[in-house]
Amino acid sequence: MNEWEFETVSIHAGFDKDGVTGATSVPVYQTAAFAYDTAGELHDVFRGKKFGYVYSRIANPTVAALENKINAMEQGMGAVVTSSGMSAIATVVFTLTASGDRILASKSIFAGTVLFFNTICKKYGIHIDYIDITDTAAVRNSIGRNTKCIFAETIGNPRLDVSDVYALAEIAGGADIPLVLDSTVTTPYLFPSKKYGVAVVIHSMTKYLTGNGSSLGGVVVDLGNYDWRTTKIESFAPFIEKAGDMAFLVAARKHVVQNIGVNISPFNAFLQNLGTETLPLRMERHCANALELAEFLEKHPKVTAAHYPGLGGNPFRELARRQFDDRYGGMITLQLGTKEKCFHFIANLRLAKNLANLGDAKTLVIHPSSTIYGDFTDEEKKTFGVSVDLIRISVGLENIKDIINDFDRALREVD
Ligand SMILES: *Cc1c(COP(=O)(O)O)cnc(C)c1O
């Protein structure tokens, strides 16, 4: 499979055809359990002596097809698909850390991740040290004895700052801890995490991987860049003994996903697998539309500031150009001066939808300060780059003329 180019992998990897019927679309095995004729057979499958499925909280063939495809896209050691992006993040955190451990995390990350870190993790004694991920010296100096991983996003949301992933991987490698990267907004298509030395990559598949806003899902991929056998994560010892190189994946699946039960429904896995077939085509269009819209908005008289890593004056443009092969993703942020103007502008839009999602075929907008970040203090909002006059845009796949016309008209009507 490794000889195929990305576009081909997106369509063909993970599943060939059904062995009985020849169906080329992945069958939806919508079942909780799998029956065997004899007690001996089920015993063998349970003990791992014979391949087979037992119960969908442990594994399911529809989900396995999706896991194999995402793993092929990332050229990893294996993937674990979960019920959502958040459960994928929780799976990684619970696999790597125990009470008393610390995570060094970018302060410019998805709000849901911050809430998970600041509530559940805190409650169970896992401490998060937030840093400016673009300050690599600070990252290096902030790794302590109990730091068990570095956690970053490729492009921070909504600050749109870009992580220098190669530098972060080097720092993590020097400290012998894994670099965990949430690459949701860049997807495996825009960013080859393995090549950059990332240990574990996470995607919320709800977004671009599915691409149509139809269902939630998440995935964790071990890229094989980190040697778990030398890790200082104490709980790994039994897994290393049993599974060697596969220790992380076995620990994540058997220790966390199976015990907490954050499994995806087979039907959702089916929808997400369908979505991934067109990921490369869609990402090209998202990026092209976003660049054109950002260039339009930057010059618009009603816009105070437009932020997009692909814009000429953007401080992250050169780094983004190198890392994402001259493409800059589908997210733009906009400042309009006041909250009232933002609300007025959103009310004026006819095409773009006002909702809390991203990576949809449809163009989406949201006012983060009053919605996603509603529970944060003003001080915290400032840290996360969420000003009261900020609008986040997820640029969709519509004809760019219609998108620009919608924004232009809605802006002109703002006084
Ligand atoms: C949406 C998102 C998540 C969470 O994913 P869900 O599927 O909504 O649980 C995590 N990280 C990033 C960057 C996201 O955009």
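First listed ligand is number 1; within each ligand, the first listed atom is number 1.
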Quick one: closest heavy-atom pair of Cys342 and His367, and the distance?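 Heavy atoms of Cys342 and His367 come nearest at CB-CD2, 3.7 Å.
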Looking at every non-hydrogen atom in both residues, tell me the closest pair between Ser25 and Phe270 and how far apart they are. OG-CE1, 3.5 Å
For the residue pair Asp326 and Tyr328, confirm or rule out a side-chain donor-acceptor distance under 3.5 Å. yes
Residue and atom name of the nearest protein heavy atom (relative to [atom]), distance in Å to one decimal:
atom                   : answer
atom 2 (C) of ligand 1 : Lys207 NZ, 2.4 Å
atom 4 (C) of ligand 1 : Phe110 CE2, 3.4 Å
atom 6 (P) of ligand 1 : Gly85 N, 3.3 Å
atom 5 (O) of ligand 1 : Ser204 OG, 3.0 Å

Just which atoms of ligand 1 are under 4.0 Å from any heavy atom in [X]?
X      : answer
Asp182 : 10 (C), 11 (N), 12 (C), 13 (C)
Met86  : 4 (C), 5 (O), 6 (P), 9 (O)
Thr184 : 11 (N), 12 (C), 13 (C), 14 (C), 15 (O)
Thr206 : 6 (P), 7 (O)

Please say whether the positively charged group of [X], taken as NZ for Lys or CZ for Arg, lies over the ring of [Y], i.e. under 6.0 angstrom from the six-membered ring centre and within 45 degrees of the axis.
X      : Y      : result
Lys339 : Phe343 : yes
Arg327 : Tyr189 : yes
Lys401 : Phe407 : no

Under 4.0 Å between heavy atoms, the region of Met205 that gets near ligand 1 turns out to be neither
Regarding Asp129 and Arg102, does a basic nitrogen lie under 4.0 Å from an acidic carboxylate oxygen? yes
